Amino acid sequence: MKLRVKLFATLRNGRFDIKEMELPDECKVLDLIKLLKIDQKDAAIIFINGIHGDFDSLLKENDEVSIFPPVGGG
Amino acid sequence: MLSDIELQLLKRHFEIQGWDISKQEALKNSSVFVAGAGGLGSPVLFYLAAAGIGNIKFCDRDVVDLSNLNRQILYTISDSGKPKAHIARERLLQLNSFAKIQSLKGEINESLFEDEHFDLIIDCVDNFETRHLLNKISIKKNIPLLHAGVTEFYCQVTLLIPGQTPCLACFLPEGTKNSGKGIIGAMAGIAGSIQALEAIKFLSKTGESLVGKILFVDMKNISFNTMNIKVNPKCKICSHLAR
């Protein structure tokens, strides 16, 4: 299946900001995060098509996945 | 009613196309709670006071530390060791003595919101735990929450309106920890300035707001992105609200 993946802030370092990716069917967010070699604690906010997702969320064709690290200073 | 001196102080507002006395009076009659007077709170408080917001209450538990001064522009070296809440109030009144400015040195808690009306809570805190507390207060008291977070060269900002948009817990899991404390001071300035602008626009009903949208700014690579965000139907904090 095809996905559109967006990374933000420090997650872009050595990776990309936006990319079309091809993943096997039945993949979960955790599979994507492992593929991208992102530490789970660094994936603080996950949106799938603008709705909160978690590591166990099942992905489907043409989903847009956005992953943010914790940007929590003030 | 705005005095002649206030009208002089705010002269440049009235040179903005579409700005008029009703918008300025809306700001004068507004009540805002600012949670935190640090890196975000400094520009937020400065610009809200400068813009003629009539009632500003803020809370901060800390004293000024030298390591704050790369970004917390309300303070100077001579303020080191003094409570931020007290110093900031003095500075803000020097800028706008027509505003009612209240400051509290201490922790944020629900009792601060018991007997007072606020049109907006502005999240300028430095940890996710307090942000979730502010989110619960926002939902319980039905007060919009203007969220921001900042680190290194990055920030995120969104305006959360109970019953209309997602709440913070819709997309930010409780228990999330900060990744680090590194920050370029000017980035906190950008994030806080965006918050101040959003607050002024929201309170004066001007332009479009970050309602149902999250703005993400990456100044390392110079990009501004907004993304539409939706309510999480499984949210434990706000899914009971009618929409």
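If you're wondering where the values come from, they're calculated on a predicted model, not measured in any experiment. Chain identifiers are assigned alphabetically (A, B, ...) following the order of the sequence lines, protein sequences preceding nucleic acid strands; residue numbering begins at 1 within each chain.
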To the nearest 0.5 Å, what is the distance between CG on A:Leu59 and CD on A:Glu64? 12.5 Å
How long is the gap from CD on B:Glu129 to CG on B:Asn178, to the nearest 0.5 Å? 11.0 Å
Contact part of [X] toward chain A, heavy-atom cut-off under 4.5 Å: side chain, backbone, both or neither?
X: B:Phe171; answer: both
X: B:Ile229; answer: both
X: B:Lys234; answer: neither
X: B:Val217; answer: neither
X: B:Arg71; answer: neither

Flag the one option from B:Gly36, B:Cys235, B:Cys170, B:Ala188 with the top tally of heavy-atom pairs under 4.5 Å to chain A. B:Cys170
Which region of A:Asn13, side chain (C-beta onward) or backbone (N, CA, C, O), has a non-hydrogen atom less than 4.5 Å from a non-hydrogen atom of chain B, or is it both or neither? side chain
Just say parallel, tilted or perpendicular for the rings of A:Phe68 and A:Phe8, cut-offs at 30° and 60°. parallel
Let's test your reading of the structure: which of A:Ile51, A:Thr10, A:Val71 forms the most heavy-atom pairs below 4.5 Å with chain B? A:Val71
B:Asn135-B:Ser138 side chain donor-acceptor pair, cut-off 3.5 Å: no
Please report the closest heavy-atom contact between B:Asp79 and B:Leu74, naming both atoms and the distance. OD2-O, 4.3 Å
